[in-house]
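As C-alpha cells, the structure follows; a few thoughts come after it.
Every chain is numbered from 1 and lettered A, B, ... according to where its sequence line falls, protein lines coming before strand lines.
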Amino acid sequence: MSNASSSESSIHPVKEIEAHFPFQEVEAKWQKRWQNEKVFAAPDSGPEKKFYCLEMFPYPSGKLHMGHLRNYAIGDVMARFYRMNGCRVLHPMGYDAFGLPAENAAIKNRVHPAEWTFNNIREMREQQTALGLSYDWDRDVATCHEKYYKWGQWLFLKFWEKGLVYRKEGLLNWCPDCQTVLANEQVVNGLCWRCDSVVTQKFMPQWFIKITDYADELLNDLDKLTGWPNKVLVMQRNWIGRSEGAEILFHVAGGEKQGTEIPVFTTRPDTIFGATYMVLAPEHPLVESLISGGSQEAECRAFIEKVSKMDKTIRTDEAAKKEGVFTGSYAVNPVNQEKIPIWIANYVLVEYGTGAIMAVPTHDQRDFEFAREYGLPMRLVIKPADAPFNSAEEMTEAWIGEGIMVNSAQFDGTPNEEGKKNVTKWMAEQRIGGATVNYRLRDWGISRQRYWGMPIPLIHCDRCGITPVPEDQLPVDLPRDVELTGEGSPLAKHESFLHTTCPKCQGPARRETDTIDTFWDSSWYFLRYIDARNTEAAFDSQKVNDWMPVDLYIGGVEHAVLHLLYSRFFVKAVRDIGLVDFDEPFTQLLTQGMVTKDGAKMSKSKGNVVDPGEIIEKYGADAARVFILFTSPPERDLEWSDQGVVGASRFIDRIYRLVLSYADALKSSSQQDSGNLSEAAKNLRRACHKTIKAVTDDIKDHIGLNTAIAKIMEMVNEMYKFTENDAIAESDFPIFRDAVEILLRLLSPFAPHISAELWEAIGNEGYVISQPWPVHNPDFLQTDTMMLVIQINGKVRGKVTVPADADGEAVWQAALQQEQITRWLNDQEPKKKIYVPKKLLNIVV
RNA sequence: GCGAGAAUGGCGGAAUUGGUAGACGCGCUAGACUUAGGAUCUAGUGGAUAAUCUCCGUGAGGGUUCGAGUCCCUCUUCUCGCACCA
C-alpha cells in the first residue's frame, strides 16, 4: 500500500509519541470538569425519549469491590450510550446506608454507626468518582439520612392507613448472631442471608406487611416482565408458590375437643376417600389440647421437644427420616364419617397450608412411607389404567399419576382430574370444604430489634392502643446517644426515645422500639432519586410517572426474591395508595455475573480479593473499565486476570499513541473529503462504518459489551494498518480524521477519559460525550467485489473474488478458473450446485 | 429428585442464528529496536504432519441436511435455583 508518492502531499505522524496514556492527570482533569459543569445532571424536561439507568445502590461497607466496579461499569456504558443517542438520561447513585454492619463496627471499634457510615460513603463516593461514572450527584440519597427516612416513615403510615401493616405474635426466624428476627426471604437454606448463622425459631410479636395481598398480582405480572431473565422469573414464581386445591374441614371425634374443626389444605381433593389418618405439625396450636391428659401425652411431649430442638435445615431435608407419634385423638373424615387417627409428625410444617394434612398413603409418597413405617391403614382410591396393582397391599410406592376413582362412593368411575373439581364442588355444597388457593409466600416481617435502622413511626398507648405518629411530627428521629452492646434492642433501653405522649389522648405512651427491615428503605429509593431534594413530599407523582419505570436495572442475582420482590410489591402498593400510576418498577433487568478469582467468588476468607482501588491507581479507570467489560459478557461470571488488565491498558495506550501522533495534523486539517480516495482509504472507511453498525447493534440488542469492545479493537487495528507506511496522502486524510472521530465517539462510553482528552487534543470544542452517536452509512459498506467460499461436498476447497453483483453461474465460472477446484472436481460433473448469495457455492459431486 | 443454564485452543471468550469454527484479548514462540525490557513494533500460534498438500477437530454417541458449534434423539459432566409445599 502506498498512500503517498511525495512528501508534499502526505501527512506524517509525529515520531516521538511512544508515551503511555497519562491516566492519573487526565482522568482527574475530566472528572473535575464533568462535576463542576454538572455535565451529567438529568434534565426533567427536554428530549421526549427518556432512559432511566439504574444500578443497585451499594451498602457502604467502606471500599468498592470488583462486583461494584463491574456493576457500575456496565451501567455507565449504557447511560452514556443512550445519552449520546439523544435520550435524556437519569443515572443516579446512592447508599443503602442502614444496616447491621455499621452497628457491629460501632461495637467493635467504638465509633458511632453514623460516623462509620458517612465516612464509608465518602470513601466509596471518591472511588466511584475516580471511575469516571456519569452520575447526577445532585440526586444522591443515603437511606440513613433523616431527610430520606422521614419519607420512608411517611410511606409506612400510608401503608398503615391502607391496612397493609399488622402486628402478629408467632414463631419467627431468629438470627442469634444478628440478634434480630428475619423475614422468610432472608433465610437462605436455614441460614441468615447476611451472616450465615443457623437461624432458630423464636416466639415473639412483630410487624408484618401484607405482601400476600398482592401474591396473585405479583405472580401474574411476571408475564409482563419480558425484559427480565427467565431465571429470576422462575425464582419469583417458585417463591410465591401458588397452588390450587381445596380446604377441607375435619372435626375432632370424641374427647374433650369433640367437634373442633381442623381445616386441612390439599391439592388432591380427589383422593379424600383414601384419607386413612391425619397429621398435624408438632407446633400446630391444637396439639396441646389434644394430647393434654391423654394416654399419649408423655410420648407426644417428648417428640415435640425433640423436633423443636432440631434445626430447620435438618428437619426439612428431604432425606430426613419421617417420624411421628399418635396423639390418642381421632378425627372424622367429612365425606364418609370414617374415624381416623390424628398423628403429629416432623414432615408436616406448621407454616405451610393449615399446618395439618389429610394423609392419603396410596397417593402421596411421604404419607406412603410414613404409613408403612407405622403400620397405618391404606386404601386405593385412584386406579390407573393397566395398573400393576389392584389394592393398596400390592403397591410398592404411592401412585401419584392419573387414574379412575375407586372406593370413592358416588365418585367411583370418575377420572381423577375431573374428580378434583367434582369433589370440591360437592364438598362446598355440603359445607365441608371448598376450593382455595394456597401460597408459599408469607407476609413480610419487617421488625428488627436493632438500632441502625428507620424507627417505625408507631406509638403504644395503654388506653388508645397502637397509634400512628401524626405526619407533622415526622420524622421520628433515630437518637444519636445510644449504648450499643449487641444485646437487646438499644432503642428499648433509651428512656427519652421510649417515653412519649399519645397523639390521641396526650397520656403517657411508649414508642415502638423496633426498627424497620432495611429492605423497606431499598424498596423505594429509585422513586426518591427522581425527586431527591423534595422537602414537601416523598416525591412528586408527576415526575415519578414521567421517569419511571426504570428502563434498565443492573445488579446481582442474589436479590431475585429479596429486593426485587419487595420493590415490585412496594410499587403496586403505592400505586393503590394513589401515588404512582404504573405497575412494575423495572422494565429490563440485567443480572450481572460474579467476579471470581481462582475459580471462586472473591472473599476475604479465601484471600483472593483484588482491590479495584489498586487497579485504578496502577492502570487507570479507563483500563479497569475496559478490562472488566471486555473479558466476559455482562451476565456471565468473570474470572479476574491481572494479565487481562495489562491487555486493556495496552489497548488504551495504543489509541493514545495513534491519535496523538497525528494530533497536530488533525487539529489543523479541516478539509473535506475530495472524493478522490485510495483503495486503502475506502477500506478504512468501510471498516469504520461496519464498526459503527456492529457496536451499535451489540449494545442496543443485547448489551453485548464484550463484543462491542472487540470490534472497536478491530477498528483500531485497521487504523494502524492504514498508517503503517507512516504517511497518509493528503487526499485520504479526511477519511482518517473521520475514523479518529468515529473511534473516539464509539469508545467514549467505555473509556470516557481518554476519549474526552483526545477529542480535545485533535482540536474539537466541547465534550465528546455531548456528541451524537455515530450513524453508519450503508453506502460506505458497499464493495465492488466480494469474496466467496467454494465448497466441494461441504468442505472448503477454495475462495474466489468476484464482482459484487455476480450470480451463482458467474461464481461457478470463477471457481472453474481455479486449479485447486478443478483438481478436486477431477472432471466429474457436479450433481448439484448450491449457491448461497454473497456467502458460498457448494458443489456436490 | 425437579427446574433452568452451560460445555468451543494453554486461558477469557467470538461465530450475522443452518453457511470459511476459533473474531478480539491474554499467554506462548521467533525476530526488530534497545544499556535494559515486565515498554513498543513485526511475524507466527487448535491438533497430527517435512509440508502454504492433506487429515482430524466445538463434552460423548447417533440422526436430519448439499452443509451442523448451531436443529432432533440418547448419554456424561458442571453451575445455579427449588426441594418433605400436602
Side-chain angles (χ1 to χ4, degrees), chain A residues 17-20 188-189 229-235 237-239 241-243 245 264-268 271 279 281 315-322 345-349 351-360 363-367 369-370 438-440 557 560-561 593-594 626-627 630-633 635-648 650-651 653-654 657 693-694 697 704 706-717 720 724 787-799 820 823 830-845:
Chain A
I17 301 291
E18 278 186 16
H20 298 268
V188 180
N189 293 327
N230 192 47
K231 184 166 82 164
V232 177
L233 298 177
V234 168
M235 283 167 77
R237 223 165 260 138
N238 289 343
W239 186 262
R242 183 181 199 269
S243 60
V264 303
F265 173 75
T266 179
T267 53
R268 295 296 305 273
T271 64
V279 187
R315 179 173 161 193
T316 55
D317 184 349
E318 204 173 354
K321 197 167 177 289
K322 294 172 185 30
N346 60 355
Y347 74 96
V348 173
L349 308 171
E351 62 268 22
Y352 186 78
T354 61
I357 62 158
M358 64 176 205
V360 184
H363 305 294
D364 181 291
Q365 188 58 26
R366 293 154 300 176
D367 298 344
E369 286 164 28
F370 192 79
N438 193 59
Y439 296 92
R440 207 182 85 110
V557 75
V561 290
M594 270 190 317
V626 165
F627 167 72
F630 171 68
T631 301
S632 211
E635 60 283 354
R636 215 183 295 183
D637 284 353
L638 181 151
E639 170 74 9
W640 181 263
S641 148
D642 289 332
Q643 284 305 327
V645 200
V646 175
R650 276 208 281 258
F651 169 62
D653 284 347
R654 257 164 78 76
R657 279 191 295 268
K693 178 163 169 37
D697 289 350
N706 57 327
T707 49
I709 292 174
K711 284 158 190 168
I712 297 174
M713 287 173 168
E714 277 183 88
M715 180 172 150
V716 172
N717 291 344
Y720 263 96
E724 72 186 349
M787 196 179 67
L788 287 95
V789 167
I790 306 299
Q791 294 185 334
I792 292 173
N793 291 336
K795 298 203 176 202
V796 180
R797 296 303 181 192
K799 287 164 194 178
Q820 219 178 336
R823 184 156 48 85
K831 269 193 227 153
K832 207 171 169 185
K833 283 178 285 190
I834 292 133
Y835 177 61
V836 183
K838 296 183 198 298
K839 289 236 167 78
L840 57 76
L841 177 71
N842 188 12
I843 303 159
V844 187
V845 294

Phosphate contact (C26(B) OP1 or OP2) by S641(A) side-chain N/O below 4.0 Å: no

All side-chain contact (heavy atoms from CB on, under 4.5 Å) counterparts of V188(A), not counting sequence neighbours: W193(A)

Stem list, RNA chain B (Watson-Crick or G-U pairing under 3.5 Å, at least 3 consecutive pairs): B:1-7 with B:76-82, B:10-12 with B:24-26, B:27-32 with B:40-45, B:46-48 with B:54-56, B:59-63 with B:71-75

Whichever of R366(A) and K799(A) has its nearest RNA chain B nucleotide further upstream toward 5': K799(A)

Spacing of the C1' atoms in G3(B) and C11(B) (rounded, Å): 32 Å

A14(B) OP1/OP2 closer than 4.0 Å to side-chain N/O of N706(A): yes

Short side-chain N/O contact to A39(B) OP1/OP2 from R650(A), under 4.0 Å: yes

U16(B) versus C71(B) - spacing of their P atoms, nearest Å: 11 Å

Syn or anti conformation of G38(B), syn meaning chi within 90° of 0: anti

Strictly under 3.5 Å: I want the nitrogen or oxygen pairs between protein and nucleotides 43-46 of chain B, one per line.
none

Euclidean distance, atom CZ of residue F630(A) to atom P of C26(B) [Å, nearest integer]: 8 Å

Distance test, side-chain N/O of Q643(A) to OP1/OP2 of G27(B), below 4.0 Å: yes

Pairwise 5' ranking along RNA chain B for M713(A) and I834(A), keeping only the more 5' one: M713(A)

Touch class at under 4.0 angstrom, heavy-atom based, for Q365(A) against every strand present: nothing

Short side-chain N/O contact from S243(A) to OP1 or OP2 of A86(B), under 4.0 Å: yes

Check residues 638-647 of chain A and write down every donor-acceptor pair under 3.5 Å in which the side-chain atom is one partner and the other belongs to a residue at least two apart or another chain.
unit_1	atom_1	unit_2	atom_2	d
E639(A)	OE1	T596(A)	OG1	2.7
E639(A)	OE1	G599(A)	N	3.1
E639(A)	OE2	D598(A)	N	2.7
W640(A)	NE1	D642(A)	OD1	2.8
S641(A)	OG	Q643(A)	N	3.3
S641(A)	OG	G644(A)	N	2.8

Whether Y347(A) and F370(A) hold their rings parallel, tilted or perpendicular, with breakpoints at 30° and 60°: tilted

Phosphate-side-chain proximity, R237(A) and G81(B), N/O vs OP1/OP2 below 4.0 Å: no

Glycosidic conformation of U17(B), taking syn as within 90° of 0 and anti otherwise: syn

Residue-phosphate contact under 4.0 Å: N717(A) side-chain N/O, G25(B) OP1/OP2: yes

Side-chain N or O of K711(A) closer than 4.0 Å to phosphate OP1/OP2 of G25(B): no

Distance test, side-chain N/O of K832(A) to OP1/OP2 of C66(B), below 4.0 Å: yes

Flag if over 12 foreign heavy atoms under 6.0 Å of NZ, K693(A): no

R636(A) vs G5(B): side-chain N/O to OP1/OP2 distance below 4.0 Å: no

Any residue of residues 838-845 of chain A with a heavy atom less than 4.0 Å from an atom of RNA chain B: K839(A), L840(A), N842(A), V844(A)

Integer-rounded Å distance: C84(B) P and R440(A) CZ: 9 Å

Interface polar pairs with nucleotides 49-54 of chain B, N/O, under 3.5 angstrom:
unit_1	atom_1	unit_2	atom_2	d
U54(B)	OP1	W824(A)	NE1	3.4

Donor-acceptor contact below 3.5 Å, side chain D364(A) vs main chain A359(A): no

N/O donor-acceptor pair, side chain K322(A) with base C84(B), under 3.5 angstrom: yes

